[in-house]
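Structure first, then comments.
Below, each value reflects all heavy atoms present in this structure, side chains not excepted, and no hydrogens, waters or symmetry copies.
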Amino acid sequence: MAVRKVAITLPEELYDLVERARAVEHRTRSEMIQEAIRTHFGEAVYVPTDDERRLLLEALDEAQRAPQDLRDWDAVRKDLWSDR
């Protein structure tokens with residue numbers, strides 16, 4: 001597949017979202033933006049399994065039941081890096 005390099009300009013809040021997400025997911029900036037564009041145009045990039053979907057719904061339900069137990073991104077990132 002041919003590849004082209006492009007430069008884009010992002011508002012600061014979008015750039016911050018991309019940077020936080022790529023740090024958590026250990027992906028490149030290009031991967032994050034490519035996925036966003038594919039999603040925008042309707043190309044399925046990632047389809048969770050039934051098990052993953054169930055776990056996500058359980059986590060969302062738990063977050064609604066006990067919002068005081070939610071952790072911020074810095075705490076999650078710290079735990080992810082400490083497991084390595």
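- The cluster map of Ile, Leu, Val, Met, Phe, Trp and Tyr, joined by side-chain heavy atoms under 4.5 Å apart, puts Ile37 and Val6 in the same cluster.
- Taken together through direct or relayed side-chain contacts under 4.5 Å among Ile, Leu, Val, Met, Phe, Trp and Tyr, Phe41 and Ile8 form part of one hydrophobic cluster.
- Other residues, nucleotides and ligands contribute only 12 or fewer heavy atoms inside 6.0 Å of the CG atom of Asp50.
- By the 4.5 Å heavy-atom criterion applied to side chains, Tyr15 and Arg29 are counted as neighbours.
- A salt bridge does not link Arg22 to Glu25: none of the charged side-chain nitrogens sits closer than 4.0 Å to a carboxylate oxygen.
- Side-chain N or O atoms of Glu35 include none that pairs as donor or acceptor with a backbone N or O of Met32 at under 3.5 Å.
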Show the numbers, then the answer: is there a side-chain contact (heavy atoms from CB on, under 4.5 Å) between Leu60 and Leu56?
CA-CA 6 Å; Leu60 291 171; Leu56 177 59; 4.1 Å; yes

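- Rounding to the nearest 0.5 angstrom, the gap separating the CG atom in Leu17 from the CD atom in Glu12 is 10.5 Å.
- Screening Asp74, Val76, Leu70 for a side chain to side chain contact (heavy atoms under 4.5 Å, CB included) involving Asp72 leaves a single residue, Asp74.
- Among pairs with a residue in residues 57-67, those fulfilling side chain to side chain donor-acceptor pair (under 3.5 Å) read Arg54-Glu58, Glu62-Arg65, at least two apart in sequence or across chains.
- In this structure, the side chains of Leu14 and Val18 stay at 4.5 Å or more apart for every pair of heavy atoms.
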